[in-house]
2 protein chains.
Amino acid sequence: MKKAAKRAAGLHRASLTKLHDLDAALELMYYGWRGMTLAADQYLATLGLSRPHHRILYVVARQPDISIGALIDVLGISKQALNRPLNLLLQRNLLTSKRSVEQHRTKLLRLTAEGQRIEQRASDYERKVLRAAFDRVGQTGAAAWMAVMGAIADNN
Amino acid sequence: MKKAAKRAAGLHRASLTKLHDLDAALELMYYGWRGMTLAADQYLATLGLSRPHHRILYVVARQPDISIGALIDVLGISKQALNRPLNLLLQRNLLTSKRSVEQHRTKLLRLTAEGQRIEQRASDYERKVLRAAFDRVGQTGAAAWMAVMGAIADNN
DNA sequence: TTCCTTAAGTCAACATAGTTGACGTGAGAA
DNA sequence: TTCTCACGTCAACTATGTTGACTTAAGGAA
């Protein structure tokens, strides 16, 4: 993609005047999120999937046999909002659901092999970006980044 | 807000099993973005405003007399998408637009005093979170964070 | 002056990602 | 048997975006 095309698509980093000390950091958070997710989103788009689908796959990959209700809690969305992307993933056989043996009213979700493959690829795109960035600053730099992000995340 | 309520609202940080080395970092990016913007978004919501409005105010604050077209480029959205939030801000007198003197077909945008006040407050909420996090890791830690985020942002 | 381009504005149709409310079904506990 | 719980689904709505088409007005070029 050419520079002009990137500018047109808003993919460049705008160089705005900084009014405050932390404006640069503020903008870096915005562009950082975009930089991490851009390639993954493009990959998912080729499959007709997007961020919500990836979020579901990511969580189920790390918590096999998770129930619908628990998944709703982790994602922080309503069951109605979960409904559509979840059904798409089931329909595409990226996810399976079966009733629990002892608790027959809860459903347990698992990734299929194909679902696992897609989750891994999409997340790999994101991890690859992080890896490259961490490699530039070394272990102590990476640790500092984690500490800062932890503090920001827990602020509330 | 109680812990249970936060869990229900998805405001906690889910503790998922880590399948890969960088999964923790990946999740921190997600929760970090949310942690930085949460208080600002809540403030904006009390005014009937949201992220797109804040983005406009932020950019115009740092580039007074910016044209509509330049604003579209910086934000990376279509003029139709800009239309609605921009008109709301003009209607609320948070923003003014006047024709350029020499280039009468371009419009120049500026913040009003009220618009400036709101932009500052909203951004302050975000900077406050960053400040608190940076204070915990010192100057070198903050610099490392900036370096990592810069590398992530520029990845493409 | 006429013609072409540019900047902005607006209308319509659509996609996606979410919300709340209401209601249904079937499982299991009291 | 009745009540609650987990899940499912329908409807209506909000918000933030997209593309395409068309208009208006300004201004440069022929």
Side-chain angles (χ1 to χ4, degrees), chain A residues 4 8-11 30 33-34 37-38 41-42 44-60 65-91 95-109, chain B residues 8-11 30 33-34 37-38 41-42 44-57 60 65-91 95-110:
Chain A
L11 294 176
Y30 177 81
W33 170 257
R34 204 187 55 183
T37 57
L38 192 61
D41 284 346
Q42 283 171 350
L44 289 163
T46 66
L47 305 172
L49 302 177
S50 53
R51 198 122 292 275
H53 305 103
H54 187 196
R55 292 234 294 146
I56 295 170
L57 295 175
Y58 183 94
V59 173
V60 176
D65 283 339
I66 190 174
S67 70
I68 304 276
L71 181 57
I72 285 168
D73 283 353
V74 170
L75 296 178
I77 60 175
S78 64
K79 64 176 171 178
Q80 295 92 329
L82 177 64
N83 197 344
R84 208 182 294 225
L86 182 63
N87 280 335
L88 180 67
L89 295 175
L90 288 168
Q91 202 183 314
L95 224 59
T96 58
S97 88
K98 60 162 195 199
R99 296 280 177 184
S100 167
V101 177
E102 68 281 1
Q103 276 290 92
H104 200 64
R105 64 182 163 183
T106 75
K107 274 191 181 175
L108 307 180
L109 300 170
Chain B
L11 293 177
Y30 177 81
W33 169 256
R34 204 187 54 184
T37 57
L38 192 61
D41 283 346
Q42 282 171 351
L44 289 163
T46 65
L47 305 171
L49 302 177
S50 54
R51 198 121 293 275
H53 305 104
H54 186 195
R55 292 235 294 146
I56 295 170
L57 295 175
V60 176
D65 284 339
I66 190 174
S67 70
I68 304 276
L71 181 57
I72 286 168
D73 283 353
V74 171
L75 295 178
I77 59 173
S78 64
K79 63 176 171 179
Q80 296 93 329
L82 177 64
N83 197 352
R84 209 182 292 226
L86 182 62
N87 280 334
L88 180 67
L89 296 175
L90 288 168
Q91 203 183 313
L95 223 59
T96 59
S97 86
K98 60 163 194 198
R99 295 280 177 182
S100 166
V101 177
E102 66 281 0
Q103 276 291 94
H104 200 66
R105 65 183 162 184
T106 74
K107 274 193 182 174
L108 307 181
L109 301 170
R110 276 177 172 275

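Nothing here was measured: the structure is a model prediction, and the numbers come from that model.
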B:L49 atom CG is separated from D:dA15 atom C1', nearest whole Å, by 14 Å

Testing C:dT6, D:dT19, D:dG17 for proximity to the side chain of B:A81, the answer is D:dG17

Value for CZ (B:R51) from CG (B:L44), rounded to nearest 0.5 Å, stands at 6.5 Å

task: Ignoring hydrogens and angles, answer whether the base of C:dA7 and the side-chain atoms of B:R105 contain a donor-acceptor pair closer than 3.5 Å.
output: no

Of B:K107 and A:H53, the one whose nearest nucleotide on DNA chain C sits closer to the 5' end is B:K107

Q | Whether A:R99 side chain and A:R105 backbone form a donor-acceptor pair below 3.5 Å | A | yes

To the nearest angstrom, the CG-C1' distance between A:L82 and D:dT9 comes to 13 Å

So CG of B:L86 and CD of B:Q91: to nearest 0.5 Å the spacing works out to 11.0 Å

A:K98 NZ to D:dC7 P, in whole Å, measures 15 Å

Here the gap from B:I56 atom CD1 to B:L90 atom CG, rounded to the nearest 0.5 Å, amounts to 9.0 Å

Whole-Å distance, A:L108 CG to C:dA27 C1', equals 14 Å

d(A:I66 CD1, A:L71 CG) to nearest 0.5 Å is 5.0 Å

- Message: Would you say B:S50 places a side-chain N or O within less than 4.0 Å of OP1 or OP2 belonging to D:dT16?
- Response: yes

When A:V101 and B:N83 are each assigned the nearest nucleotide of DNA chain C, the 5'-most assignment goes to B:N83

Checking D:dA26, D:dA15, D:dA11 against the side chain of B:H104 (C-beta onward), the nearest is D:dA26

**Request:** Would you state whether a donor and an acceptor, one from the side chain of B:Q80 and one from the base of D:dG20, lie under 3.5 Å apart?
**Result:** yes

Rounded to whole Å, the CD1-C1' distance (B:I77 to D:dT16) equals 9 Å

Taking C:dT19, C:dA29, D:dG8 as options, the one with an atom nearest any side-chain atom of A:Q103 is C:dA29

Separation of C:dC11 atom P from B:K79 atom NZ, nearest Å, is 13 Å

From CZ of B:R99 across to C1' of C:dT6 the rounded distance in Å is 12 Å

From NE2 of A:H54 across to P of C:dT16 the rounded distance in Å is 18 Å

Winner on side-chain proximity to A:I68, out of D:dA11, C:dG18, D:dG8, is D:dG8

At 4.0 Å (heavy atoms only), tell me whether B:T106 reaches a base, stays on the sugar-phosphate, or touches nothing.
sugar-phosphate

